[in-house]
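Counting convention: from 1, in listed order, for ligands and their atoms alike.
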Amino acid sequence: MCGRVAAVVYLLAFFAVRPVLIRGLGVTDLEAGELRDEVRDMFYHAFDGYMQHAFPLDELRPLTCVGEDTLGGYALTLIDSLDTLALLGDRERFGAAVEWIAKNIRFDINKTVSVFETTIRIVGGLLSAHLIASDYSTGMKLLSYNDELLHLAEDLAQRMLPAFDTPTGIPFGSVNLLLGVDENESKITSTAGGGTLTLEFGVLSRLTGNPVFEQVTKNAVRGIWARRSKVNLVGAHINVFSGEWTQKDAGIGTSIDSFYEYLLKAYLLFGDEEYLFMFQEAYKAAMHYLYHDPWYVEVNMNSAITVWPLFNSLQAFWPGLQVLYGDIDPAIRTHAAFFSVWKKYGFTPEGFNLASFSIQPGQRSYPLRPELIESTYWLFKATRDYRTRYGC
Ligand SMILES: *[C@@H]1O[C@H](CO)[C@@H](O)[C@H](O)[C@H]1NC(C)=O
Ligand SMILES: *[C@@H]1O[C@H](CO)[C@@H](O)[C@H](O)[C@H]1NC(C)=O
């Protein structure tokens, strides 16, 4: 699941979702407090480790305890952590971080970066922190704050615009922030890469009054959707010049996942029904061709013949999305199935084969993905059912 801006959507959705049943055992205030403190400690363990050993580089390598620039060399982890600092009520560190970023971060740098990662982490991180720092009702309003993060986000997004200059409107996967698209940049991008930009760019347009950001990302989504198959499925990889699918496996996980997510959330956030109509068609097709209750498979986007009977870890956002859409019953069953994989291994491997019911060879790893816990959270919000807490 991606995007800081998404938090706003969650709030909207929370009020839209109807609570189903209250059953099971609650958590006492004492237990809740202990769990909260444990989460806070875990965050500070990671955040302080980053600040001490890696800042201002992008990320901390946890074994060697040194920093590394993995994205653009713009203090990625600090920007990515802003909203969490605010959520924890840490005015001091939130204020210091905003001030440091405003003074030190620049995007006129000769770096080729991922359009997708830069949008969801950096543009999204800056915009959500901007909204938090500007608003008394968050309790985090900074008196000295003067829209610096909004200006940074706008400058960064401007530098990504050349990526959208393609015949299909679907952006290149990477762009150089100083020089535009590299001469030999790959013309192949993933569906998620082209379809996971609308929330951040749309919010940027609304905040700056410059419609171009919203337009290019909506155009990218239309470019993908226009090339859907006759049965309303999309593939995994597409050529942004010819519009041909170079990887035709349709699924709800790897390479496609947040295309679905952002269709619904863009509707929830902006009220733009074009996104809802696309989502409804896409969702109906996914439930018809990909859903083998309670699992999801990957099929050829044209023939709908199964190519991979595979659970992959990224699919775990889906029950949460279904909660936002109000489709709770299949979400409960799928979440239980995904959670059974978690219980079997203590985490969700990247790939779990549904034919052999074992880890897909070469896909053992778990890069700390948040999808399953996010779905768990949304299902709890919708049902108030504590069963997931006890793993039963
Ligand atoms: C950008 O960086 C590349 C190498 O990464 C270098 O060859 C090129 O000269 C640089 N261009 C500018 C304008 O700084
Ligand atoms: C792009 O590819 C061509 C042909 O392989 C090569 O001659 C050229 O140097 C490459 N350009 C860059 C910027 O790498």
Side-chain angles (χ1 to χ4, degrees), residues 2 50-51 53-81 100-127 148-197 200-201 204 208 210 212-213 216-217 219-220 223-224 227 235-248 255 367:
C2 308
Y50 165 73
M51 291 305 288
H53 301 288
F55 172 79
L57 301 182
D58 283 337
E59 290 188 84
L60 173 68
R61 298 172 67 108
L63 297 182
T64 50
C65 226
V66 295
E68 181 182 25
D69 276 336
T70 48
L71 193 54
Y74 29 53
L76 164 68
T77 299
L78 185 66
I79 295 176
D80 220 359
S81 304
W100 187 89
I101 290 162
K103 270 206 194 90
N104 295 284
I105 292 293
R106 298 186 57 115
F107 295 115
D108 53 345
I109 47 176
N110 183 4
K111 282 269 172 75
T112 298
V113 299
S114 156
V115 171
F116 166 77
E117 296 287 349
T118 301
T119 298
I120 65 168
R121 293 170 195 279
I122 307 298
V123 177
L126 292 171
L127 288 178
E148 290 92 342
L149 302 191
L150 177 60
H151 297 313
L152 276 171
E154 186 177 14
D155 177 54
L156 178 56
Q158 287 279 2
R159 294 173 183 284
M160 288 194 278
L161 288 182
F164 293 85
D165 188 10
T166 65
T168 60
I170 305 166
F172 284 96
S174 297
V175 65
N176 185 296
L177 295 179
L178 194 63
L179 307 170
V181 177
D182 293 341
E183 191 186 355
N184 293 337
E185 185 54 49
S186 168
K187 294 188 174 67
I188 311 298
T189 195
S190 70
T191 298
T196 313
L197 312 162
E200 291 80 2
F201 276 62
L204 185 59
T208 60
N210 181 351
V212 70
F213 307 110
V216 293
T217 53
N219 206 31
I224 293 168
R227 290 166 178 83
H237 291 141
I238 193 163
N239 181 312
V240 301
F241 267 61
S242 67
E244 279 171 293
W245 294 99
T246 58
Q247 219 278 33
K248 299 189 175 72
S255 300

From [X] [atom1] over to [Y] [atom2], what is the distance, rounded to the nearest 0.5 angstrom?
X      : Y      : atom1 : atom2 : value
Thr119 : Phe213 : OG1   : CZ    : 11.0 Å
Ile101 : Glu148 : CD1   : CD    : 11.0 Å
Leu178 : Asp108 : CG    : CG    : 7.0 Å

Margin query: For Glu244, I'd like to know if atom CD has over 12 heavy atoms of other residues, nucleotides or ligands within 6.0 Å.
Written below: no
Next item on the list: Check side-chain contact (heavy atoms from CB on, under 4.5 Å) between Ser255 and all other residues, then give those that pass, not counting sequence neighbours.
Entry: Ser190, Ala236, His237
Margin query: List the residues meeting side-chain contact (heavy atoms from CB on, under 4.5 Å) with Thr191, not counting sequence neighbours, and say none if there are none.
Written below: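 side-chain contact (heavy atoms from CB on, under 4.5 Å) list for Thr191, sorted by chain: Ile224, Val234, Trp245, Ile256, Phe259.
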Note to self: Under a 4.0 angstrom heavy-atom cut-off, which atoms of ligand 2 come close to Glu183?
What the structure shows: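 Matching atoms, with element in brackets: 11 (N), 12 (C), 13 (C).
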Checklist line | Asn184 neighbourhood, listing ligand 2 atoms whose heavy-atom distance to it stays under 4.0 Å | finding: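 Those of ligand 2 that fall under 4.0 Å from Asn184 are 1 (C), 2 (O), 3 (C), 8 (C), 10 (C), 11 (N), 12 (C), 14 (O).
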Margin query: Suppose we screen for ring pair (Phe, Tyr, Trp, His ring centres under 6.0 Å). Which residues come up paired with Phe107, at least two apart in sequence or across chains?
Written below: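 For Phe107 the ring pair (Phe, Tyr, Trp, His ring centres under 6.0 Å) partners, ignoring immediate neighbours, are Tyr74.
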For ligand 1, run through the N/O pairs with the protein that fall under 3.5 Å and put one pair on each line.
unit_1, atom_1, unit_2, atom_2, d
ligand 1, 2 (O), Asn110, OD1, 3.4
ligand 1, 2 (O), Asn110, ND2, 2.3
ligand 1, 11 (N), Asn110, ND2, 2.9
ligand 1, 14 (O), Asn110, ND2, 3.1

